[in-house]
Amino acid sequence: MQAKEPHKNVAVVGTGMAGLVVAYMLRSDPQGRFDVEVFEKQEKLSLDSASYNLTTQNGGSAKTQRLDLPMRTFADGYYESLKRMYDYFGIPYGSLRFIYSLSTLPNNPTKQTSPYFMHSSNNHQIPPLRPEGLSWTGWLLEICYLAICYYWFKVCCFFVAPKTLESSGTEESLRQYLDRIMLPSYYVKHYFLPVFASVATCSHDELMDFPALDLVGYGRRTFRKNHYTVLGGVQHVEQKLSEDLTYKLGAKVTAVENIGTKVQVSWTNTQDGQSSSRLFDHVILAVTPDVVGAIFQPLRSAMKAVPTTTVQSVVHRDFSGIGDSSKSLWSQVSLNRGESPPHPLHMCSNATATETIHEHPSAALITTYPISPIDPDKVFYTATFTRVLRSSTSRQIINEIFSQKKFGDDKSQFWRNGDGNVWLVGGWCWDGMVLLEGCLASATRVANALDVEVPWMKDSSL
């Protein structure tokens, strides 16, 4: 009779999407081979920790709504693993109707923005919305120009491959790629950068430094695809993934070290400052690169080359910047009987960055990557989070970390994922945009390496 494989102790550091997914996979192993313990420095799990409960008065009763911060959307074509997981858990999601307005922030902060273009998701508003103050002739010309530029970029996504180290020995940045395909600078400044900087949550220059392959791949795979949001917020996802989870809250991991064949995790209790350590068979780091570099010495140098930035999302009721543009937008919206109103999303740009202002149905505004001043007396809540960015240099480093070892390469000095039974997962741990799908892809990679079945990928040909 074959001896039963001994249990392995696994530590997961971090409770964002990637950490909770990989912890769920391992503790759900049909063979029951893994004892999983999760470490989180906050006093609550982090996937939904930045979200906010907004209470509003409706008549004589109070209503509380959960606001996801940041707002998380996903699309067919790009988020296939994420969507499979949501379907597996029965997480409800739907296609919310949005109206996007694009505007340039005025030099005088006391003036309100004035949209130069408005677009309804899936063209649900027919005829299209026309910005106030723009003539019919000018509007039609703008639409024609926009359509030509948009479809030219999409054609290039499918037929003009970006240069990469693998294909040509040089890594082409987005800036270089847009120059090569001769995408007009007016379109890039007024349409391309505001939209994609909002997706990536970064400045325009930081976006331009992304590998061109990231944006081209995203543009190709999401072309003419539906976009969704989780109904009721990611709190439902967190609840499903964390059922029966063993975790330590308020445990700030300070070091991860290889001790013989084991991995030692050292942490500090954030309440009383007491330090502890424990040996594990495997350790999975589900944290941002700056944290990885701080606690895991073999990657200290490499992680310095992976750019990050700090981003804020602010819940408030300061309508001073968009009041007139919002009224103009709503005056053109037509609703069928019983139809819920769309969500306005204002993309307001200056020369260097774009802030997005989501008009929530609760009559609150959610501003992400704020540029214009917000009246502090009208602010309810501010969430701050670390955003991992991409560059040609970081793509090369990350791809090297997650590459398969070649025959005879065991003595390589460069650390690769899984060396010493330490693993990395996260939205940045794959070759693509730093989005939720990367969390699923990197968690699945660890599960495959440990021969663990991914429950929502059963009978999948993917």
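Any value given below was found using the heavy atoms of this structure, including those in side chains, with hydrogens, waters and symmetry copies removed.
For Tyr151, there are no ring pair (Phe, Tyr, Trp, His ring centres under 6.0 Å) partners two or more places apart in sequence or in a different chain. Listed by chain and residue number, nothing satisfies the ring pair (Phe, Tyr, Trp, His ring centres under 6.0 Å) test with Tyr79 (two or more places apart in sequence, or in another chain). The side-chain contact (heavy atoms from CB on, under 4.5 Å) check on Ala449 picks up Trp423, with sequence neighbours excluded. Applying the side-chain hydrogen bond (donor to acceptor under 3.5 Å, both in side chains) criterion to Glu243, with sequence neighbours excluded, gives no partner residue. Evaluation of the side-chain contact (heavy atoms from CB on, under 4.5 Å) rule for Lys44 yields Ser49 as partners, not counting sequence neighbours. Residues meeting the side-chain hydrogen bond (donor to acceptor under 3.5 Å, both in side chains) test with Tyr177, sequence neighbours left out: none. With sequence neighbours left out, the side-chain contact (heavy atoms from CB on, under 4.5 Å) criterion links Tyr150 to Lys154, Tyr187, Phe223. For Ala251, the side-chain contact (heavy atoms from CB on, under 4.5 Å) criterion is met by Phe39, Lys248, Trp267, not counting sequence neighbours.
Taking the six-membered ring where the residue is Trp, the centroids of Phe89 and Tyr24 are separated by under 6.0 Å. Tyr228 and Tyr86 have their aromatic ring centers separated by at least 6.0 angstrom.
A distance-only check finds no donor-acceptor pair linking the side chain of Ser242 to the backbone of Leu245 [under 3.5 Å]. Between the side chain of Thr222 and the backbone N or O of Lys225 there is no donor-acceptor pair closer than 3.5 Å.
Of the residues Leu141, Leu134, Leu140, the one that meets the side-chain contact (heavy atoms from CB on, under 4.5 Å) test with Thr137 is Leu141. Among Thr73, Asp87, Thr229, the one residue that satisfies the side chain to side chain donor-acceptor pair (under 3.5 Å) test with Tyr93 is Asp87. With respect to Arg395, the salt bridge (charged side-chain N to carboxylate O under 4.0 Å, His left out) criterion is satisfied by exactly one of Glu172, Glu166, Glu400: Glu166.
Applying the side chain to side chain donor-acceptor pair (under 3.5 Å) rule to pairs touching residues 288-298 yields Thr288-Asp290, sequence neighbours excluded. Note on residues 298-310: no pairs pass side chain to side chain donor-acceptor pair (under 3.5 Å), not counting sequence neighbours.
Ionic pairing of Arg390 and Glu171 is not present here: no N-O contact between side-chain nitrogen and carboxylate oxygen is shorter than 4.0 angstrom.
Pairing each heavy atom of Leu54 with each of Arg317, the nearest pair is CD2-NH2, 4.4 Å. Closest approach of Asp48 and Glu238 over heavy atoms only: N-OE1, 2.9 Å. Taking each heavy atom of Trp428 and Ile398 in turn, the nearest pair found is O-CD1, 3.6 Å. Shown here for Gly273 and Thr268, the closest heavy-atom pair between the two residues is O-CG2, 3.6 Å.
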When the side chains of residues 194-201 are checked against the rest of the protein, which donor-acceptor pairs come out under 3.5 Å, sequence neighbours left out?
{"from": "Ser198", "atom 1": "OG", "to": "Pro194", "atom 2": "O", "distance (Å)": "2.8"}
{"from": "Thr201", "atom 1": "OG1", "to": "Arg387", "atom 2": "NE", "distance (Å)": "3.4"}

Atom pairs and distances, donor-acceptor, side-chain atoms in residues 371-382, under 3.5 Å, two or more places apart:
{"from": "Ser372", "atom 1": "OG", "to": "Glu355", "atom 2": "OE2", "distance (Å)": "2.9"}
{"from": "Asp375", "atom 1": "OD1", "to": "Asp377", "atom 2": "N", "distance (Å)": "3.0"}
{"from": "Tyr381", "atom 1": "OH", "to": "Ala50", "atom 2": "O", "distance (Å)": "3.3"}

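With a 6.0 Å radius and a threshold of 12 heavy atoms from other residues, nucleotides or ligands, Phe385 has its CZ atom above the threshold.
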